[in-house]
Amino acid sequence: MYSKEIDEKWQRIWEDKKPFRAEDFSNKEKFYALIEFPYPSGVGLHVGHARAFMGMEAICRKKRLQGYNVLYPIGFDAFGLPTENYAMKTGIHPRKVTDDNIANFTKQLKSIGFSFDYDRVVDTTTPEYFKWTQWIFLKLFEKGLAYKEKTYVNYCPKCRVILANEESQGGKCDRCDSQVIQKEKEVWMLKITEYADKLLEGLNEVDFMPRVRIEQENWIGKSSGAQIKFNIKDTDRFIEVFTTRPDTIFGVTYMALAPEHPILDELKDKISNFDELVEYRNKANQKTEFERVELAKDKTGVLVKGIEVVHPITGELVPVWITDYVMMGYGTGSIMAVPAHDTRDYEFAKKFGINIKPVIAWDHLDVNNPPREGKQNTDRQAVVVLVKHWSEDKYICLKWKKQTWIDLITGGIEEGEDPILAAIREVKEETGYINIKSASYLPFEHIDRFFAAHKDVNRVVYQKNIVIELENGDCQETSQDEKDQYDILWLTKEEMLEQINIDSHTYFFEVYLKDGEPWLKDGILVNSGFLNGLDVENAKKVAIEYLEKNNIGVAKNNYHMKDWAFARQRYWGEPVPIVKCDDCGLVPLKENDLPLTLPDVDNFIPGEDGESPLAKIDSWVNTVCPCCGKPAKRETDTMPQWAGSSWYFLRYIDPKNSEALADKDKLKYWLSVDWYNGGMEHVTRHLIYSRFWHRFLYDIGVVPTKEPYAKRTTQGLILGPDGEKMSKSRGNVVNPDDIINEYGADTLRTYILFIGEYSQSAPWSDNGVKGAKKFLDRVMRLDAKAADEDIRSSMLDRELNMVIKKVTLDIEDMKYNTAIAAMMSYVNVLYKEEKVSKVYIKPLLQILNPIAPHVTEELWEKLGFEGHVFESVWPKYDESKLELDQIELAVQINGTVRFKLVVDSSLDEASIEQIVRNDERLKQYLVEKAIKKVIVIKSRIVNVVIG
RNA sequence: GCGGGUGUGGCGAAAUUGGCAGACGCGUCAGUCUUAGAAGCUGAUACCAACCGGUGUGUAGGUUCAAGUCCUAUCACCCGCACCA
């Protein structure tokens, strides 16, 4: 029986012999495996950690047996709020808390038997480590990538800290889930946006799981378009907008500014309703992010009275609005609004009665009556008219007598004629109704392309869609000519949708029923001067060329990602190595003055108003300027938690170096990290940050690779037994210590990998744990069946080679669950034997060793194999042993399996077909039926098609 | 709204990429061992009819000799982003 004593025995041996130590510059092929180092919280290790680490653990143990020089390090990301909060509550110094927690974590990690190289442990809170975190910060400062700025930042009132965008996703604090507010504060920022393109491009040279890559791309959120200037009438000022749709510039009917837009204050004197704007701005600022997004589906805004902008191409005057659907934090904080082709602008224009000008027409090819090759093309301007009944909810359709058409009224626009008047004229001519109550455009245009049989030409008709309401039923007689051509029908909505058989007319009616909607798809530019006739893609290009040539605008990319608010108003973090001098400004410390350590204090409570506790410690704050020597003050904010973790994988390579963050040659030997496994939750935080720092370090020649991680995978969550996310409040947390104490470390290890697909979340099951234990006990009991004699059987040879192959491939693919299932099956096969030669047991212990190292070492020793499993060589499989002499084929009749057939595996398709055709069992299915076809898929299946 | 994912027995899940659906494990049932229990060992276990057979991978269609797998719609749930201009 497998018990905890076995764990302890082998853990002592590993401690002693250190078989998992990585060797710098070894001739063996290197393999650098990384897991996200844990935050050593007081709660201790979680089963989630165990799952996260077990994936790489199994791979590393296997790789070592396969002859690789494996670096599998561990460390602790130990700066952070929980430790500090605990210190505040208990009065115990965070240093002490951290050390205790790390000791506890280490004990737990070792009790699971992880094969980390414990000689390389790093702790981000030691001065030896954070000296280099500060050093990197100074480099960033030197290159202008760290700057201090007063802006609106995310602030968590509960934690009393500034949060980066990445830490306040969805408007909630990452740590405590409270609503984040916007606070104006001067903070350190890192210019990660300058690296946006490099971070995007870098994704091309690495192998990240698709969803990891996609999430990073989305987070960076690149969009290309143009930045365009709109001059403000009667001033020398202009408003700049960013747009991804420069092609729609002729459709601009208003400008929309964020309420905070600075131009408003600058032109205060010209604005007649400034007070109203300020009131609106204040109201907008009071809303939380959540309210602004979720509750404000209804658009609001205020017209800016007194200023207008000039359309840079047409010279038309365009009104200016402020609205909170435009964000100061994205683009230029102002947009050119094109209601006809943008949903939000459309809603806004509808609500405030602003003109909607379509500039992209649906290019509609009539599939029933397409243009013909070799026929003349004629262009035509036309109207399509929807006529609404004066009292009922009915509409006019024309049912043509000689054609199959049922459609709306259409007609050409005569030279110089107003389309609305043309529509009215057509209605009178074609229906006789004379009293028009209203006529208006539906802000949507389309182009019909068809062959006009009666004129023998191809027509390209530019259609404007017009809605006419009748005042009453007064009607004139229409001409006989018209009467001969069609009947007039009054149809209900439903009948309209059902009967109209011209696509574009149906679409027109649908849009009408929705009270209009913007056209967002591709199409042909209309009403757009020199852009007319182009499609959207080309129009963008031509528009940008024009803008650049005329100095109106430039091509421009924008990013969703914002600069990184790099400051915490807390004690337990890396001090920012900058001094504020009245004369010299912000002055960096000299490199040999690093590390700048934290003062030893016993009050860690942050100030009410987002002040760091360090600010209160005069003896620390007051210093001299490294530049001029006059009295100066230290920066009192500390770095955020993500600082230390942004480069820790470099320190593992050379953890004790005091001259550099790591030795250049060692970096060259070990980088890149070959495989990094971690959680999805870090994809838009740590993973982005560390790629940014690494790329920066590459750019300044510190590291040899552009990208830190060659491959990135993720593990799924372990949910509680109730299928819910594990949490203290739900009381569904499983403590790994309990499992180890009761069932042993290998049981935990095996169960965690057997639980389901590695990247998918899976619920915990206590019974499943027992199943894993049962399997390991069955393995342990194999010693009772073990025979020294070398007795072989081809069946066992095949089974053994199969399982070696399966496990070898599956572990590499992180398909641990099926690897374990295969080994279970193999053990089941061995159990059917009275006695099993040791040659069938030895390789099993090796392939099971990465997952259950304690059990396999123990049995290895018990069966008297030489040395230890960790000193052995991973078994090879022999493909030729996998083949069977005889195979069983399923015979299907019309796709349903009817019987099985055992044949020599050497037979070819034709002979198998003959055997099947002659099989007695086939006869009963052939009553009144004949064989039509026989499909033989060698070594798979035979399908007999009869009928 | 956009992006990604998932849907298969009582449960966790497999399925060589189009070729015998449900491997392996849990649970359940039966047998065996035992004074007895636990553990162990052996076997059964998708559903309906229980004789031939029929039905089954969220739902509805389609392609194919053959579909969990491919195509077209559609529903449900989960995750991420979100007035992104």
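Letters A, B, ... are given to chains in the order of the sequence lines, protein chains preceding strands, and every chain is numbered from 1.
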**OP:** State the syn/anti category of B:U17 according to its glycosidic angle, syn meaning within 90° of 0.
**Re:**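 Here the answer is syn: the torsion falls within 90° of 0.
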Subject >> Anti or syn - B:G9, cut at 90° from 0 >> reply: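 Syn, which is what one calls it when the glycosidic angle falls within 90° of 0.
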Determine: side-chain N/O of [X] to OP1/OP2 of [N], distance under 4.0 Å, yes or no.
X      : N     : answer
A:K770 : B:G27 : no
A:N828 : B:U42 : no
A:S223 : B:A85 : yes

For the side chain of [X], counting heavy atoms from C-beta on, which of [options] is nearest?
X      : options             : result
A:R344 : B:A85, B:C20, B:G40 : B:A85
A:E757 : B:G53, B:A14, B:A85 : B:A14
A:N817 : B:A23, B:G25, B:A14 : B:A14
A:R940 : B:G53, B:G40, B:G19 : B:G19
A:R898 : B:C41, B:G53, B:A13 : B:G53
A:I937 : B:C20, B:G19, B:C41 : B:G19
A:I214 : B:G4, B:A85, B:C20  : B:G4
A:R778 : B:C41, B:A15, B:G19 : B:C41
A:A890 : B:C84, B:C20, B:C83 : B:C20
A:T818 : B:C20, B:A15, B:C41 : B:A15

Which whole-number value in Å describes the distance from [X] [atom1] to [N] [atom2]?
X      : N     : atom1 : atom2 : result
A:K222 : B:A85 : NZ    : P     : 14 Å
A:L520 : B:C84 : CG    : P     : 12 Å
A:D777 : B:G40 : CG    : P     : 8 Å
A:I935 : B:C65 : CD1   : P     : 7 Å
A:E347 : B:A85 : CD    : C1'   : 14 Å

Applying a 4.0 Å non-hydrogen cut-off, can you work out what [X] is touching in the nucleic acid: base, sugar-phosphate, or nothing?
X      : result
A:T244 : sugar-phosphate
A:K725 : nothing
A:I755 : sugar-phosphate
A:G221 : nothing
A:N943 : base
A:K832 : sugar-phosphate

**OP:** Decide yes or no, distance alone: a donor-acceptor N/O pair under 3.5 angstrom between the base of B:C65 and the side-chain of A:K932.
**Re:**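 No pair found.
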Original post:
Any donor-acceptor pair under 3.5 Å linking the side chain of A:T332 with the backbone of A:E240?
Top reply: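 Judged by distance alone, yes, a pair lies under 3.5 Å.
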Subject >> Side-chain donor/acceptor of A:R798 to backbone N/O of A:L882, under 3.5 Å >> reply: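 No.
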Original post:
Are A:R940 and A:E888 within salt-bridge range, i.e. N to O under 4.0 Å?
Top reply: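 Not counted as a salt bridge, because no side-chain N and carboxylate O are separated by less than 4.0 Å.
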Subject >> Ionic contact status for A:K770 with A:D766, cut-off 4.0 Å >> reply: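 A salt bridge is absent here (no side-chain N lies under 4.0 Å from a carboxylate O).
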Original post:
Centroid-to-centroid, A:F348 to A:Y254, below 6.0 Å?
Top reply: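 Distance test on ring centres: under 6.0 Å, yes.
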Subject >> Whole-angstrom distance between B:G19 and B:U69, as gauged at atom P >> reply: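 Pairwise P distance, B:G19 against B:U69, rounds to 11 Å.
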Original post:
Taking the nucleotide of RNA chain B with the closest heavy atom to each, which residue, A:Y758 or A:R685, is nearer the 5' end?
Top reply: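 Mapping each residue to its closest nucleotide by heavy atoms, the 5'-most match is A:Y758.
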**OP:** Answer yes or no: are there more than 12 heavy-atom neighbours, outside A:K835 itself, under 6.0 Å from its atom NZ?
**Re:**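 Buried by this count: over 12 neighbours within 6.0 Å.
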